[in-house]
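Report on one structure; see the data block that follows.
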Amino acid sequence: MGWFLIGEGKLEEYLEEFPPNVDINGSALDGSNNESRGKLREAKSCLERTVGEDAAKIGVHLDSWILLAKLNFATGNYTESLRFYDKAKLESLEEKTLPPRSLKIIAEAFAIKGMCHEKMASQSTLSNHRRNKESSQTIHYYEVSGDLTQLYLQEMERVSRRGYTQSTLSMQSVGTNPTSSSPLPPNLEQRLGPILETALLKAPALYLKAVKIQKAVSRFRAMLMAEENRSTSSVRLSLAKQLAETLLHSLSDSKYTCPDTESPRRVNSRQSLGVGESPWKPRKYANSNQFMPTNKQEEILLLLLLCEVMVSKHVPLNQNPEYDAHRANTMMSAISVFRSEEHTSELQS
C-alpha cells in the first residue's frame, strides 16, 4: 500500500507539472526534461512493486496496471500502455454505479486507449478491412470515454450542490489528485485536462473523417441531449456549432432524419435484455414539452440560436486590461456564430 501511494503521488506530481500535450492525432507530446522524468522513473519503480500476489490480496493490482498504462502513455510508449490495459481487462469491467473519482479515471483510461490505438494505426500498414475495424474500435473507446466524462461532470455538479466530500483514499479510483477535505464550492467548474477534453470531441470528428455523416450527427445529438452543467459549456458550444455546420454542408435534405427520442434505450452487450440503459451513460433531458425540429433548417437555426445565447452569456462586461484576452476570445466565438447564421440565411434565400 505504501509503495502504491508513493508511486501514484509521484506520477500525478509529474503530470501536474507536465500535463500531456495531446495533439489532434491523439498522441502525447512529452516536453519534460531529464530531471523531471526522474519522477516518472521513481513512480514506475514504486508501482512495479504493487502488481504481485500481495498487491492482489489487498486489491491494488488493478489500479496499479491502470496507472502504469497512464505512465507509459505519458512517455509515448503506446504498445506498453495497451499491454497494461489488457492486463486490467478494461473492457470487461462491470458497468455499475461508481463514485465520481472512479468515473473520471475509467473515462481517462478509455480515452488513452483510444489515443494509443489511433497513433499506432497511423504508423502501421494495415489492410482496408483491418484499418476500418481498428477505426471502429477506436471510436468506441472515445464514445465510452465521452459518456463517462459527461456523467462524471453531472455527478460532480450534484456533489457540489450537496456539499458532499469525497474520500481521498478510494481504492476504486486512482490517478487523480486527492481532493480537499472541505466541501466543494457551488458552481465549481471541474478541470478535465487535455486528455478528456480532446476525447470528448474525438468520436464525431473521426466519423466525419470516415465520411460517416449520419453516425457523426447521431453522436453530436447524443452528447447535446445530455443534461448540461457549467463545466461543459464550452464543449457544448463547439458541439452545437459543429453539428450545425455538418447539417449545413454535409447532409442533404433528402437524407436528413429528425432526432429520435422515442427509440428504445440501448442495452449493453454485458447487460441482460430488459435491463435499463447502462449506468455509464450520462443523464439526458426527457420532457414531453421538448421542442423537436421537423426539418434540417429548423435544427440548424435552433443550434445557431443556442450558440448565440451561449456566446452572449460569456462576454465579459468588465473593461479592465486583464480581461482583454477573454474578451477577444468571446468576440471571435460570437463572430463565428454570426457568420454561420448569415451563411444559413443566404442559403435559405
Side-chain angles (χ1 to χ4, degrees), residues 8 12 16 63 66 90 93-112 141-203 219-240 259 261 265-268 270-271 275-290 306 309-310 313-314:
E8 179 187 11
E12 293 308 316
E16 183 70 23
D63 299 311
I66 293 176
L90 189 64
L93 293 176
E94 181 185 356
E95 296 187 6
K96 59 183 180 181
T97 303
L98 296 171
R101 274 174 58 90
S102 299
L103 291 172
K104 184 176 181 181
I105 191 57
I106 296 175
E108 196 172 60
F110 273 104
I112 292 174
Y141 294 144
Y142 285 134
E143 287 185 333
V144 174
S145 175
D147 288 341
L148 286 168
T149 300
Q150 287 188 296
L151 180 58
Y152 160 74
L153 293 172
Q154 290 173 351
E155 289 299 314
M156 285 304 298
E157 186 154 291
R158 292 177 65 184
V159 165
S160 67
R161 288 174 180 172
R162 294 196 306 263
Y164 175 78
T165 305
Q166 295 185 70
S167 169
T168 61
L169 293 178
S170 170
M171 299 311 299
Q172 296 299 318
S173 56
V174 295
T176 56
N177 290 325
T179 55
S180 169
S181 60
S182 60
L184 291 170
N187 298 328
L188 176 68
E189 292 190 19
Q190 298 299 316
R191 189 179 62 177
L192 288 178
I195 293 174
L196 291 181
E197 288 177 358
T198 301
L200 272 174
L201 302 174
K202 266 291 188 176
R219 183 58 189 170
F220 278 130
R221 287 170 172 171
M223 297 180 72
L224 287 168
M225 287 179 181
E227 289 182 6
E228 187 176 4
N229 58 77
R230 288 175 57 89
S231 299
T232 57
S233 58
S234 61
V235 173
R236 291 176 72 85
L237 175 60
S238 179
L239 289 170
T261 58
R265 288 184 171 186
R266 255 186 314 178
V267 178
N268 188 273
R270 292 195 290 275
Q271 293 178 303
V275 177
E277 194 173 26
S278 165
W280 283 9
K281 295 291 183 184
R283 293 183 296 277
K284 297 181 180 180
Y285 290 111
N287 191 306
S288 58
N289 295 323
Q290 282 180 328
L306 290 173
V309 171
M310 284 188 277
K313 285 171 59 178
H314 291 88

My understanding is that only residues two or more places apart in sequence, or in another chain, count here; which of them pass side-chain contact (heavy atoms from CB on, under 4.5 Å) with A203?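 Per chain and number, A203 pairs via side-chain contact (heavy atoms from CB on, under 4.5 Å) with I139, Y142, E143, R219.
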Among residues at least two apart in sequence or on other chains, which ones pass side-chain contact (heavy atoms from CB on, under 4.5 Å) with E228?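 Result, side-chain contact (heavy atoms from CB on, under 4.5 Å) vs E228: T232, R236, Y285.
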Heavy-atom pair with the smallest gap, counting every atom of [X] and [Y]:
{"X": "A111", "Y": "I195", "result": "CB-CG2, 3.8 Å"}
{"X": "M225", "Y": "P259", "result": "CE-CB, 3.8 Å"}
{"X": "S145", "Y": "A107", "result": "OG-O, 2.8 Å"}
{"X": "M310", "Y": "A240", "result": "CE-CB, 4.3 Å"}

Under 4.0 Å between a Lys/Arg side-chain N and an Asp/Glu carboxylate O for E155 and R101?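 No, E155 and R101 are not salt-bridged.
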Is any side-chain heavy atom of I66 less than 4.5 Å from a side-chain heavy atom of E108?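 In short, these two side chains do not touch, never coming nearer than 4.5 Å.
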Look at the rings of F110 and W280 and say which category their plane angle falls in: under 30° parallel, 30 to 60° tilted, over 60° perpendicular.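 It falls in the perpendicular class, over 60°.
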Euclidean distance, L196 CG relative to I105 CD1, rounded to 0.5 Å: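 If I round to the nearest 0.5 Å, the distance is 9.0 Å.
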Enter the distance from L103:CG to T97:OG1 here, rounded to the nearest 0.5 Å.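 Answer rounded to 0.5 Å: 9.0 Å.
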Go through the steps to decide whether L148 and V144 satisfy the test side chain to side chain contact (heavy atoms under 4.5 Å, CB included), and finish with yes or no. CA-CA 6 Å; L148 286 168; V144 174; 3.8 Å; yes
Kindly indicate, with the supporting measurements, whether the criterion side chain to side chain contact (heavy atoms under 4.5 Å, CB included) is fulfilled by T149 and E197. CA-CA 9 Å; T149 300; E197 288 177 358; over 6 Å; no
Option passing side chain to side chain contact (heavy atoms under 4.5 Å, CB included) with P100 (candidates R158, M156, E157):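 Answer after filtering R158, M156, E157: M156.
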Could you walk me through whether R283 and L151 pass the side chain to side chain contact (heavy atoms under 4.5 Å, CB included) check? CA-CA 7 Å; R283 293 183 296 277; L151 180 58; 4.1 Å; yes
Test log, rule side chain to side chain contact (heavy atoms under 4.5 Å, CB included), inputs V235 and Q150: CA-CA 10 Å; V235 173; Q150 287 188 296; over 6 Å; no
